Amino acid sequence: MKTDLSINFAGIKFKNPVFTASGTFGYGYEIADLIPLKKLGGIVTKTITLQPRSGNPQPRIAEVEGGLLNTIGLQNIGVKAFVEEPLEKLSKIGVPVIVSVAGAVAEEYTETVQILSMQKGISVVELNLSCPNLKKKIICHDLSLMQNIIKSVKKVSRVPVIAKLSPLVTDISELALTAQNAGADGITLTNTYPAMAIDVKNFKPRLSTVKGGMSGACVKPMSIRCVYDAYQRIKIPIIGCGGIMTGGDAVEFILAGAAAVSVGSASLVSPENLIKIIDEIESILKYKNIKSIKEIIGIVKNT
Ligand SMILES: Cc1cc2nc3c(=O)[nH]c(=O)nc-3n(C[C@H](O)[C@H](O)[C@H](O)COP(=O)(O)O)c2cc1C
């Protein structure tokens with residue numbers, strides 16, 4: 001029996017539900033020598049901003065038990081340089097490209113998406129509304145700013161717009177619903193969890209900015225809970241993200257309500273994990289005698 005891993009996310013067809021996670025796979029094309037990029041469901045680029053950004057000072061990564069903390073601070077070459085080279089190379093791979101975008105104010109998001117909208121080769125825009133590593137507060141914690149950004153980006157975007165949200169809220173389903181009502185075509189749940197670690201040898205924080213974002217295996221159950229809660233309230237599709245290390249982890253997210261998944265820390269350990277995760281999802285479906293991945297989206301319910 002042939003297993004169908006394809007999904008339709010916000011009107012775009014993906015051959016399987018496994019995407020890279022923003023910021024953990026560079027701009028996407030650099031990994032071409034390491035894994036067959038064509039096998040991926042989708043490639044999410046690192047977050048792009050209107051102007052280039054050098055990011056936060058070192059140290060920007062700290063390994064901790066169960067995962068890692070980062071405070072990269074959206075280092076990137078800026079949208080104009082991005083469309084000149086990385087996008088050109090990415091669009092030749094033959095996998096849908098999801099460009100992650102951030103800014104400090106609504107106009108920055110809109111201008112960046114306007115520039116992207118003049119280009120070919122972009123399937124979806126993901127708004128990073130949840131970076132925990134900037135001096136300002138996390139954007140989606142300001143509901144009217146978040147709504148403003150989604151509404152103004154929707155006016156200029158030629159492709160579906162996804163809102164990537166922070167897990168650090170009292171009611172994730174309310175936040176997801178607010179993003180949906182502002183016009184988002186999909187939601188990514190979640191970005192990293194604000195966190196910190198201290199070196200007991202020198203009594204200093206392990207990250208230059210003291211606090212950073214936690215990702216990796218230990219965040220998985222919390223992110224699955226976010227997906228599950230949001231799925232009960234919203235109609236738009238969800239990309240599940242946070243701690244996916246195996247195909248089984250990905251299937252858990254899908255059972256909770258995700259239509260697709262993004263894999264970050266596991267691909268930093270080894271990009272090959274992305275391919276393994278796709279193969280493992282297929283094996284699980286075969287073992288369970290399920291023809292299509294679409295059959296299991298959100299089937300776990302509180303009965
Ligand atoms: C080193 C690093 C850089 C990241 N950079 C970004 C980024 O630029 N934009 C973004 O939306 N998320 C960024 N993230 C968050 C990931 O996309 C993802 O949401 C998070 O790591 C949880 O998934 P994981 O546990 O599979 O890593 C970054 C994560 C890491 C570890």
Side-chain angles (χ1 to χ4, degrees), residues 18-28 42-49 52-56 58-79 82 86 98-103 109 112 124-134 138-140 149 161-168 172 186-195 197 207-209 212-224 226-227 238-247 249-250 252-253 258 260-271 273-274 276-277:
V18 179
F19 305 170
T20 61
S22 180
T24 60
F25 207 67
Y27 295 102
I43 295 179
V44 184
T45 69
K46 68 155 73 190
T47 296
I48 311 296
T49 50
R53 288 176 62 100
S54 51
N56 291 330
Q58 301 284 355
R60 310 202 284 197
I61 299 262
E63 270 189 62
V64 295
E65 204 169 332
L68 69 137
L69 304 185
N70 90 82
T71 181
I72 306 295
L74 304 185
Q75 178 190 6
N76 77 97
I77 56 179
V79 67
F82 170 74
I98 299 156
V99 180
S100 169
V101 170
Y109 279 87
T112 308
V124 178
V125 162
E126 180 181 79
L127 302 178
N128 179 357
L129 302 165
S130 43
C131 182
N133 305 327
L134 305 173
I138 294 177
I139 283 189
C140 65
I149 291 170
V161 174
I162 299 177
K164 184 171 181 181
L165 304 177
S166 167
L168 189 77
I172 195 75
I187 304 278
T188 301
L189 295 171
T190 69
N191 209 318
T192 52
Y193 293 69
L207 295 175
S208 66
T209 51
M214 176 85 203
S215 62
C218 71
V219 306
K220 186 188 76 169
M222 297 182 286
S223 296
I224 291 178
C226 288
V227 169
I238 302 169
I239 300 177
C241 181
I244 297 169
M245 312 305 282
T246 66
D249 296 339
E252 271 191 73
F253 273 88
V261 294
S262 268
V263 177
S265 301
S267 76
L268 289 176
V269 175
S270 165
N273 283 331
L274 285 158
K276 273 195 207 152
I277 287 169

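In each ligand, atom 1 is the first atom listed, and ligand 1 is the first ligand listed. Quick caveat: nothing in here was measured; it's all calculated off a predicted structure.
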Problem set entry | Mode of Asn128 contact toward ligand 1 - side chain, backbone, both, neither (heavy atoms, under 4.0 Å) | side chain
Exercise. Cation-pi between Lys46 and Tyr27: NZ/CZ under 6.0 Å from ring centre and within 45° of the ring axis?
Worked result: yes
Problem set entry | Side chain proximity check, Thr49 to Val79, heavy atoms < 4.5 angstrom | no
Exercise. Does Ser262 reach ligand 1 with a nitrogen or oxygen that is under 3.5 Å from one of the ligand's nitrogen or oxygen atoms?
Worked result: no
Problem set entry | N/O separation below 3.5 Å, Thr24 to ligand 1 | no
Seminar exercise, completed: ligand 1 atoms nearer than 4.0 angstrom to some heavy atom of Cys241 are 18 (C), 19 (O), 22 (C), 23 (O)
For this session: Kindly confirm or rule out an N or O of Ser265 lying under 3.5 angstrom from an N or O of ligand 1.
Result: yes
Exercise. What atoms of ligand 1 come closer than 4.0 angstrom to any heavy atom of Thr190?
Worked result: 19 (O)
Exercise. Checking Thr24 side chain against Ala21 main chain: does a donor-acceptor pair fall under 3.5 Å?
Worked result: yes
Problem set entry | Leu74 N/O under 3.5 Å from ligand 1 N/O | no
Problem set entry | Proximal ligand 1 atoms for Ala21, defined as those under 4.0 Å from one of its heavy atoms | 17 (O)
For this session: Please confirm whether Ser100 comes within less than 3.5 Å of ligand 1 when only nitrogen or oxygen atoms on both sides are compared.
Result: no
Exercise. Who's the nearest protein heavy-atom neighbour of atom 30 (C) of ligand 1, and how far?
Worked result: Asn70 ND2, 3.3 Å
Seminar exercise, completed: One finds that the ligand 1 atoms under 4.0 Å from a non-hydrogen atom of Gly243 are 24 (P), 25 (O), 26 (O)
Exercise. What do you reckon, does Lys164 have a nitrogen or oxygen under 3.5 Å from a nitrogen or oxygen of ligand 1?
Worked result: yes
Problem set entry | Smallest separation among heavy atoms of Gly243 and Val219, with atom names | N-CG2, 3.7 Å
For this session: List the closest protein heavy-atom neighbour of atom 13 (C) of ligand 1: residue, atom name, distance to the nearest 0.1 Å.
Result: Ser22 O, 2.9 Å
For this session: Using a strict 4.0 Å cut-off to heavy atoms of Thr192, name the atoms of ligand 1 that fall inside it.
Result: 15 (C), 20 (C), 21 (O)
Exercise. Considering only the protein, which heavy-atom contact is closest to atom 3 (C) of ligand 1, and what is its distance?
Worked result: Gly23 O, 3.4 Å
Problem set entry | Thr209 side chain to Thr71 side chain, donor-acceptor N/O pair below 3.5 angstrom | yes
Exercise. Can you find a side-chain donor-acceptor pair between Gln75 and Ser54 that sits under 3.5 Å?
Worked result: no
For this session: Without swapping roles, check the side chain of Asn76 against the backbone of Leu74 for a donor-acceptor pair under 3.5 Å.
Result: yes
Exercise. To the nearest 0.1 Å, how far is atom 15 (C) of ligand 1 from its closest protein heavy atom, and which atom is that?
Worked result: Asn191 OD1, 3.5 Å
Problem set entry | Given Ser166, Ser130, Ser22, the one that forms side chain to side chain donor-acceptor pair (under 3.5 Å) with Asn191 | Ser130
Exercise. Does some side-chain heavy atom of Ile162 sit less than 4.5 Å from a side-chain heavy atom of Val125?
Worked result: no
Problem set entry | Top protein contact for atom 21 (O) of ligand 1, by heavy-atom distance | Ser215 CB, 3.2 Å
For this session: State whether the shortest distance between N or O atoms of Gly264 and N or O atoms of ligand 1 falls below 3.5 angstrom.
Result: yes
For this session: Take Asn128 and Thr47 through the side-chain hydrogen bond (donor to acceptor under 3.5 Å, both in side chains) test and state the conclusion after the steps.
Result: CA-CA 7 Å; Asn128 179 357; Thr47 296; 3.2 Å; yes
Exercise. Any nitrogen or oxygen of Glu126, main chain or side chain, under 3.5 Å from a nitrogen or oxygen of ligand 1?
Worked result: no
Exercise. Can Thr192 and Ser215 be counted as having a side-chain donor-acceptor contact under 3.5 angstrom?
Worked result: no
Exercise. For Gly216, is at least one N or O under 3.5 Å away from an N or O on ligand 1?
Worked result: yes
Problem set entry | Results of ring pair (Phe, Tyr, Trp, His ring centres under 6.0 Å) for Tyr109 - residues two or more places apart only | none
Exercise. Side chains of Asn56 and Ser208: donor-acceptor distance under 3.5 Å anywhere?
Worked result: no
Problem set entry | Atoms of ligand 1 close to Thr47 [distance to a heavy atom under 4.0 angstrom, numbered from 1] | 7 (C), 8 (O), 9 (N), 10 (C), 11 (O)
